[in-house]
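Chain identifiers are assigned alphabetically (A, B, ...) following the order of the sequence lines, protein sequences preceding nucleic acid strands; residue numbering begins at 1 within each chain. Keep in mind the model is a prediction, meaning the values are calculated, not measured.
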Amino acid sequence: MLTRVYEVLYAAYGAQHWWPARDGFEMTLGAILTQNTRWENVEKAIANMRSAGVTDAAALLTLDEAELQRLIRPAGFFRQKSRYLRCFAAHIVANYSGDVTRLLAGELLAARAELLSLPGIGPETADSMLLYGGGQAIFVIDAYTRRICARLGLTPPDADYATLQALFSAALPADAKLFNEYHALLVRHAKEFCTSRAPRCAAGCPLAQKIVACPGCFC
DNA sequence: CTCCGGGTAG
DNA sequence: CTACCCGGAG
């Protein structure tokens with residue numbers, strides 16, 4: 001079922017070129033800034049950071065709290081996100097000489113646990129960093145994934161993170177390139193057809209057209 | 001104008 | 001369950 005969903009989405013939308021970031025540091029910046037916010041707003045904040053010359057963890061730590069908040073303001077939740085960013089950057093500088101890639105490319109489960117121990121980094125943010133920043137084969141679950149799975153009848157609307165992740169892990173080969181592309185396609189599809197309000201099921205939704213109900217089947 | 005989507009922490 | 005924020009939808 002999930003393999004078929006991938007095939008249909010890929011045929012409909014093609015390759016998505018994710019994650020939109022210049023390097024590992026900028027990727028992790030986006031992962032934290034995009035929590036509960038639309039990507040367009042995150043881009044404004046990242047552009048501000050670039051303009052300010054903040055291109056690595058050490059540079060981020062030279063900003064004072066107020067200045068950092070001003071730069072990331074367009075992404076919302078700027079007070080708590082400024083704290084999260086500073087804690088994350090401090091951890092990277094203290095333990096990895098400021099090189100985020102060294103953490104993200106480390107042994108998967110250990111790196112994931114370490115990320116989760118940091119304030120402001122929950123499962124989705126950690127997994128996004130590991131997949132998109134570290135090239136690791138771990139499937140990212142987000143609200144779009146949850147909504148699409150629920151509407152396909154695969155999971156309850158309130159299925160938790162681990163349940164959804166286990167579903168994808170069991171159905172697919174552990175391949176970072178595939179996981180990367182699949183998640184990007186789900187996001188694309190959620191924005192184009194499977195919107196939260198007024199979904200366009202009858203207006204050419206590729207899944208509505210091609211996926212037959214197959215409850216309980218994870219082929 | 002109000003309402004809502006969207007991760008994490010407490 | 002609520003706080004935290006913005007911008008787009010209705």
Legend entry - Atom pair CD (A:E26) and CE (A:M49), whose distance is rounded to the nearest 0.5 Å: 9.5 Å
Inset, instruction - Run the salt-bridge test on A:K177 and A:E181 with the 4.0 Å N-O cut-off and return the result as yes or no. - result: yes
Inset, instruction - Send over the distance from A:W39 CH2 to C:dC5 P, rounded to a whole Å. - result: 20 Å
Inset, instruction - May I ask you to say what A:Y144 touches in the nucleic acid, namely base, sugar-phosphate or nothing, with a heavy-atom cut-off under 4.0 Å? - result: sugar-phosphate
Inset, instruction - Take A:R38 and A:Y84, find for each the nucleotide of DNA chain B with the closest heavy atom, and name the residue whose nucleotide sits nearer the 5' end. - result: A:R38
Legend entry - Ring centre gap for A:W18 and A:W39 strictly below 6.0 Å: no
Inset, instruction - Using heavy atoms and a sub-4.0 Å distance, could you list which residues of residues 121-140 of chain A are near DNA chain B? By number, please. - result: A:I121, A:G122, A:P123, A:E124, A:T125
Legend entry - Residues A:Q165 and A:D127: side-chain donor-acceptor under 3.5 angstrom: yes
Legend entry - Donor-acceptor side-chain pairing of A:H91 and A:E114 below 3.5 angstrom: yes
Inset, instruction - Could you tell me whether A:R147 contacts a base, only the sugar-phosphate backbone, or nothing, with contacts defined as non-hydrogen atoms closer than 4.0 Å? - result: sugar-phosphate
Legend entry - Nucleotide interval of DNA chain B bounded by contacts with chain A (heavy-atom cut-off, under 4.0 Å): B:dC4 to B:dA9
Inset, instruction - For the residue pair A:P157 and A:R146, establish whether any side-chain heavy-atom pair is separated by less than 4.5 Å. - result: no
Inset, instruction - Anything under 30° is parallel, anything over 60° is perpendicular, the rest tilted; go ahead and classify A:F193 against A:Y13. - result: tilted
Legend entry - Residue whose closest nucleotide on DNA chain B lies nearer the 5' end, A:L118 versus A:R197: A:R197
Inset, instruction - Decide if the gap between the ring center of A:F168 and the ring center of A:Y182 is smaller than 6.0 angstrom. - result: yes
Inset, instruction - Could you tell me whether the side chains of A:N48 and A:S51 share a donor-acceptor contact shorter than 3.5 Å? - result: no
Legend entry - Any residue of residues 63-82 of chain A with a heavy atom less than 4.0 Å from an atom of DNA chain C: A:R73, A:P74, A:G76, A:F77, A:F78, A:R79, A:Q80
Legend entry - For A:Q209 against A:G204, the heavy-atom pair lying closest together: NE2-CA, 3.6 Å
Legend entry - Side chains of A:E65 and A:S82 in contact at under 4.5 Å (non-hydrogen atoms): yes
